[in-house]
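Below you'll find the structure, written out as C-alpha cells, and then a few comments.
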Amino acid sequence: MRKLSALTSSLIVSVALLAGCSSDSDSEASDRTPSMTTEQLTATSTSGEDGAFKDVDPATFANRNSHVFSFNTTAGGEGMCMFTEEVATCTGEAAIDVPDVEVPPFPASRPGAATVSAAGIRYTMVEGVPPAEAALGTQERVKFGEVTCEMSEKSDLKCSVGKNALHVSGANPDLTTSGTVIVTEPTAAQSSSQSASATTSESPSSTATETNLDGDYSEDDEPVAPGTMCGAASGNTLVKVESGTVSCLDAQSIIDEYKATRQESGGGNTLAMLVRGWSCSTPSAGRASETGASIICDGPGGEHITAP
C-alpha cells in the first residue's frame, strides 16, 4: 500500500479546561475550578487512560470543498482523513479477510481506505486527495457536524459517526472498524464481467435491467428504484441510479456540483474528488466506453450513480 506523506504545519488549538488538583473537600475543589468563557471549549475524556482531548477548530483542516488532515501513528504509520459534516474517509490497510472492492473507473483491488457515516462503514479506495494543510496531533480531537475524529494518547486514530467508527493504528497503518459494515451489491457493469456461471443474487436491486424514466426534480423528490434514469422526461441533468437508495434530486445535485468543481478541485487524470461525502470521478475514454458513463459517483452508504 502506498503511504501518504503528511505535511507539517502549525495547528490552531482551542483552549482546554485543565482539571483542578485533588483536595480533601469537594467544595474546595469546586472553588478552584476555573470558569470558562463562551469562546473556550472544555476538553473531555473518552477514557481514563487517554486523558483529555484538545478540541481543534475544523477550519484548521479546510481544503477546497472538504476538510483534510494528515496523521502519524506511534509506530510510524502515516495517512490522511477527509471529512464533511456527515462523512469521514480515512486511509489505511484493511485486514486480509476484507474482500477486494471495485470503485469505478478503477479495477477491483485491495481497499486502501474506508468511509464512515450514520448509515454504516464502506471499504473503498481514494485517488486525487488534495494535500493536508495540517495534522491531527496526539490527544487532539476535531468535531464537525456528526463526525468526530480523535488521536489517542497512544496516537491511535478514531473517526466516528454515531456508533460506527474507523480505527487506524500501527506501522502500516492498520484499518479496522466497529459498527455496521455495508456490503455493496455489484453494479451491472461489475456483474457483466463476472463468470457466466455465477449465481444470480436474490436482491431486487441487483436484478434491475430496465431503465425507468423519471423527470422529477422537485424538493419533494423521493428515493427511486435502481435503474431509474433521472432527468430524462424533464430535461434536467441526466443521472442513472445504478444501485442503492437515493432520490433524483440528490443524485442530480451531486453530479451538478461535481461538474462545476472538478476542473478546479479534482485530482489525477480522473479528476477524482469528494462531493459532500460522495467519491466522484471522470473515467478515462476507454473505461467510459466500457461502462457507458462519463461520470461515476459512489455514496457513503454504498449508492452508485452515473451520468451518461
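Computation of the quantities below employed the complete heavy-atom set of this structure, encompassing side-chain atoms and omitting hydrogens, waters and symmetry-equivalent molecules.
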Completion exercise
Residue set satisfying side chain to side chain contact (heavy atoms under 4.5 Å, CB included) with A293, at least two apart, ordered chain then number -> T291, I296, T306
Problem - Side chain to side chain, W278 and I255, heavy atoms closer than 4.5 Å - result: no
Problem - Heavy-atom side-chain contact between V224 and S247 under 4.5 Å - result: no
Handout entry: Sequence neighbours excluded, every pair satisfying disulfide bond (SG atoms under 2.5 Å apart) that has a member inside residues 263-305
Key = C280-C297
Problem - Under 3.5 Å: donor-acceptor pair, side chain of T91, backbone of A113 - result: no
Problem - Donor-acceptor pair, side chain of S289 and main chain of A285, under 3.5 angstrom - result: no
Handout entry: Within-4.5 Å side-chain heavy-atom neighbours: E93 and L175
Key = no
Handout entry: Between CD1 on residue I121 and OG1 on residue T180, distance to nearest 0.5 Å
Key = 7.0 Å
Handout entry: Within-4.5 Å side-chain heavy-atom neighbours: T228 and K240
Key = no
Problem - Heavy-atom side-chain proximity of E78 to N72 below 4.5 angstrom - result: yes
Completion exercise
Nearest heavy-atom contact between V168 and C90 is CG2-CB, 4.4 Å
Problem - Euclidean distance, M273 CE relative to M82 CE, rounded to 0.5 Å - result: 12.5 Å
Exercise for the section: Give the cluster check for V246 versus V87: same hydrophobic cluster or not, with ILVMFWY residues linked at side-chain heavy-atom distances below 4.5 Å. Expected result: no
Handout entry: Short side-chain to backbone donor-acceptor contact, S160 and G162, under 3.5 Å
Key = no
Practice task
Find the distance between CD1 (I295) and NZ (K259) and round it off to the nearest 0.5 Å.
Solution key: 5.0 Å
Handout entry: Within-4.5 Å side-chain heavy-atom neighbours: R276 and I254
Key = yes
Practice task
Give a yes or no on whether the backbone of V161 and the side-chain of E146 come within a donor-acceptor separation of less than 3.5 Å.
Solution key: no
Exercise for the section: State, without any angle test, whether S178 and H167 hold a side-chain donor-acceptor pair at a distance under 3.5 Å. Expected result: yes
Handout entry: Test item: side-chain donor near acceptor, D256 and T237, under 3.5 Å
Key = yes
Exercise for the section: May I ask you to decide if the ring planes of F69 and F83 are parallel, tilted or perpendicular, using 30° and 60° as cut-offs? Expected result: tilted
Handout entry: Side-chain donor-acceptor contact under 3.5 Å, R141 with T148
Key = no
Handout entry: Shortest non-hydrogen contact from P300 toward G277
Key = CD-O, 3.7 Å
Practice task
Answer yes or no: is there a side-chain heavy-atom contact under 4.5 Å between C230 and V241?
Solution key: yes
Problem - Flag for S155-T138: side-chain donor and acceptor within less than 3.5 Å - result: yes
Practice task
Please answer whether the main-chain N or O of A52 pairs with a side-chain N or O of Q139 as donor and acceptor at a distance below 3.5 Å.
Solution key: yes
Handout entry: Pairwise distance CE(M151) to CZ(F71) - rounded to 0.5 angstrom
Key = 7.0 Å
Exercise for the section: Assess the side chains of Y258 and T282: does a donor N or O sit below 3.5 Å from an acceptor N or O? Expected result: yes
Handout entry: Smallest separation among heavy atoms of T245 and E303, with atom names
Key = O-CG, 3.7 Å
Exercise for the section: Kindly say whether P308 contributes a backbone atom to a donor-acceptor pair with the side chain of S294 at under 3.5 angstrom? Expected result: yes
Handout entry: Donor-acceptor contact present, side-chain N164 to main-chain S117, <3.5 Å
Key = yes
Practice task
Measure from the side-chain N and O atoms of S265 to the backbone N and O of R262, and report whether any donor-acceptor pair falls under 3.5 Å.
Solution key: no
Practice task
Taking S281 for its side chain and L271 for its backbone only, find out whether a donor-acceptor pair lies under 3.5 Å.
Solution key: no
Completion exercise
Here the pair of heavy atoms bringing L238 nearest to G231 is CD2-C, 3.7 Å
Fill in the blank from the handout: What one should report as the nearest heavy-atom pair of A251 and I305 is O-CD1, 3.8 Å
Practice task
Mind checking the OG1-CG spacing from T115 to L166? Nearest 0.5 Å is all I need.
Solution key: 7.5 Å
Practice task
Check whether any side-chain heavy atom of F61 lies under 4.5 Å from a side-chain heavy atom of E133, and answer yes or no.
Solution key: no
Practice task
Look at the side chain of T73 and the backbone N and O of G170, then say whether any donor-acceptor pair between them is shorter than 3.5 Å.
Solution key: yes
Fill in the blank from the handout: Tightest non-hydrogen contact, residues P111 and A94, listed as CG-CB, 3.7 Å
Practice task
Start with the C-alpha gap between C159 and C149, add the side-chain angles, then the distance that decides, and say whether disulfide (SG to SG under 2.5 Å) holds.
Solution key: CA-CA 4 Å; C159 280; C149 292; 2.0 Å; yes
Completion exercise
Rounded to the nearest 0.5 angstrom, the OG-NZ distance for S169 and K154 is 10.5 Å
